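As structure tokens, the structure follows; a few thoughts come after it.
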Number of protein chains: 2
Amino acid sequence: MIDPHGDRAVYRQLADQLRADINSGEYGPGVAIPSEAALMQRYGVARNTVRLAMVMLREEGLVVTHHGRGTFVRDSLPIRRLTSDRYRAALQAVDDGTTPEWPEYRAEAIHQEIPANVRVAELLDIQAGTPVLERRILFLDGSLPQQMSMSYVPLELVTGTPVADPQREPWAGGTVAALASIGVRVTSVRELVRARMPQPDETRSLAVAVGTPMLTVTRTMFAGDRPVEAAVDIIVPGDRGELEYRLDLP
Amino acid sequence: MIDPHGDRAVYRQLADQLRADINSGEYGPGVAIPSEAALMQRYGVARNTVRLAMVMLREEGLVVTHHGRGTFVRDSLPIRRLTSDRYRAALQAVDDGTTPEWPEYRAEAIHQEIPANVRVAELLDIQAGTPVLERRILFLDGSLPQQMSMSYVPLELVTGTPVADPQREPWAGGTVAALASIGVRVTSVRELVRARMPQPDETRSLAVAVGTPMLTVTRTMFAGDRPVEAAVDIIVPGDRGELEYRLDLP
DNA sequence: CAGTGGTCTAGACCACGCT
DNA sequence: GCGTGGTCTAGACCACTGT
């Protein structure tokens, strides 16, 4: 099975072997793969060699390790789909006078007034330092963090309205509905999607395993030509979420 | 600087230190960080400990290692933006009778007729096994792979037309323009965006470093209600590309 | 050639989770 | 207590890149 004198490094061969076993279904999702000690004995290699193979599989997102318990084939989590149609639906609901359906996450919100930093100012087309309403929100599905975001609205737009009230968090129906309730109608949305690896602190706050890429979205909402909201770091763990866009061509 | 008896593992402290040095600009993009031997001596730790720190930094996408040369702070590559407006622009150009502007990539294409597999059949709303035209395309920017994709068109739609001609690869103006040239007008596009880590073979064919996440797009084009094209694995290395979507709300 | 990272071994002690 | 993975050491040889 493993050729210690082959061209391919032993730990890579071992990773290949385990990867094949996982993909073939030999070790199904959630199942423990053999312990490091067992693999050392079975293949006659040192522990470090086994661990190097584990590093590879972790990097590929195939397995997760739990201290004191073992190494397990990664469970595919339920994927939540974020659809571009949700903006349209929220607006439609407002027009109909009904409550917009919105993902039933539990959300933890920070809601405060601060001066806009350079990046936010550029997105909102205002001077840096202009007061904005900042909202940091962590969306939870049960206890599992599902998405976090930091979004900004020019304070001038919402000051004195119910939207500026921290007690109203989280906004039912999202930003589109909240802005519509104070007479600001969002007419277009621009989203910029990127992928990157999590920062060390994000692996904690979002409870993701190493080897989990993140989808990040930078969103700007416009009322006509005017930017009315900027969300700079909508972060979705790649193993829990996907984005769907529907585009109509003329 | 490093406390061998602290709560935090030595290799993590070392990674923290190097990460801070990189983020502070002490080691700028492309710059070599100290060799493993130098770090061993400076911090009085074993080589494996240094290497564990390197694994962390690689996983975070902060550094790349080159055998025999050294370890370097990752260069940020030029980002290419894929915009949803390109579909609209291609259609507009066709209407105007001009040649659609299309990214000037060099593309390598495989062009063949095969039976649809289950996944493609579902996306195209046809029976599995129905003949489809498969196109595998690797977009290159210079010599750097920029994007790869596998796309499928029902053969029935294009057979006997210039579009079915392998000599016409790559399609100028993309799928939208090619289909328009044979009288099939794309009216809507659905894209599903995910992030995942590269497979071992993809790190080779796309020439990405480990620790580089991939953006994947599954795209379906519709003419009215009918799916006319499915692209199942549009893969964009996360360090080279981003996706932009513009949505208009009624 | 010297210097770099890549691979591998053998052994040690620790921290965690379960029974 | 026992088995698991987490951390760390010391040393060895190899493979690649440059001068």
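Everything numeric here is computed off the predicted structure, so don't read it as measured data.
Put simply, CD on A:Gln41 is 16 Å from C1' on C:dA10, counting in whole angstrom units. Distance CG (B:Leu14) to P (D:dC8): 10 Å, rounded to an integer number of Å. Nucleotide D:dT7 holds its P atom 14 Å from the CG atom of A:Leu52, rounded to whole Å. As a whole-Å value, the separation of A:Met56 CE from C:dT7 C1' is 13 Å. Distance OH (A:Tyr11) to C1' (D:dA15): 13 Å, rounded to an integer number of Å. Atom CZ in A:Phe72 sits about 11 Å away from atom P in D:dT4, given to the nearest Å. In this structure, CZ of B:Arg51 is placed 11 Å from C1' of C:dC8, rounded to the nearest angstrom. With rounding to whole Å, A:Ile33 atom CD1 is found 11 Å from D:dG5 atom C1'.
Put simply, the residue from A:Glu59, A:Glu26, A:Glu60 that forms a salt bridge (Lys or Arg N to Asp or Glu O under 4.0 Å) with A:Arg19 is A:Glu60.
Checked by distance alone, A:Arg12 brings no side-chain donor or acceptor within 3.5 Å of a matching partner on the base of C:dG6. Side chain A:Arg47 to base D:dT7: a donor-acceptor pair is found below 3.5 Å.
The phosphate of D:dC16 has neither OP1 nor OP2 within less than 4.0 Å of any side-chain N or O from B:Arg69. Phosphate proximity of D:dG6 to A:Thr65: present, with a side-chain N or O under 4.0 Å from OP1 or OP2. Between B:Thr71 and C:dG5 there is a side-chain N or O to OP1 or OP2 distance below 4.0 Å. Contact annotation: B:Ser35 reaches the phosphate of C:dT4 (side-chain N/O to OP1 or OP2, under 4.0 Å).
In the displayed structure, B:Glu122 atom CD is contacted under 6.0 Å by at most 12 heavy atoms of other residues, nucleotides or ligands. Counting heavy-atom neighbours within 6.0 Å of B:Arg168 CZ, excluding the residue itself, gives a total of 12 or less. By the neighbour-count criterion of 12 heavy atoms within 6.0 Å, atom CG of B:Asp201 is densely surrounded, having more than that number from other residues, nucleotides or ligands. Counted within 6.0 Å of CD on A:Gln199, heavy atoms from surrounding residues, nucleotides or ligands total more than 12; the atom is thus considered enclosed.
For the pair A:Arg58 and A:Asn48, both in contact range of DNA chain D, the more 5′-proximal nearest nucleotide belongs to A:Arg58. In terms of position along DNA chain C, the nucleotide closest to B:Gly70 lies nearer the 5' end than the nucleotide closest to the other residue of the pair B:Gly70 and A:Ala46. A residue-by-residue look at B:Ala37 and A:Gly68 shows that B:Ala37 has its nearest nucleotide of DNA chain C further toward the 5' end.
Remark: ring of A:His67 not stacked against base of D:dG6; the cut-offs of centroid gap under 5.5 Å and plane tilt under 30° are not jointly satisfied.
Closest to the A:Val45 side chain, of the nucleotides D:dC8, C:dT9, C:dG6, is C:dT9.
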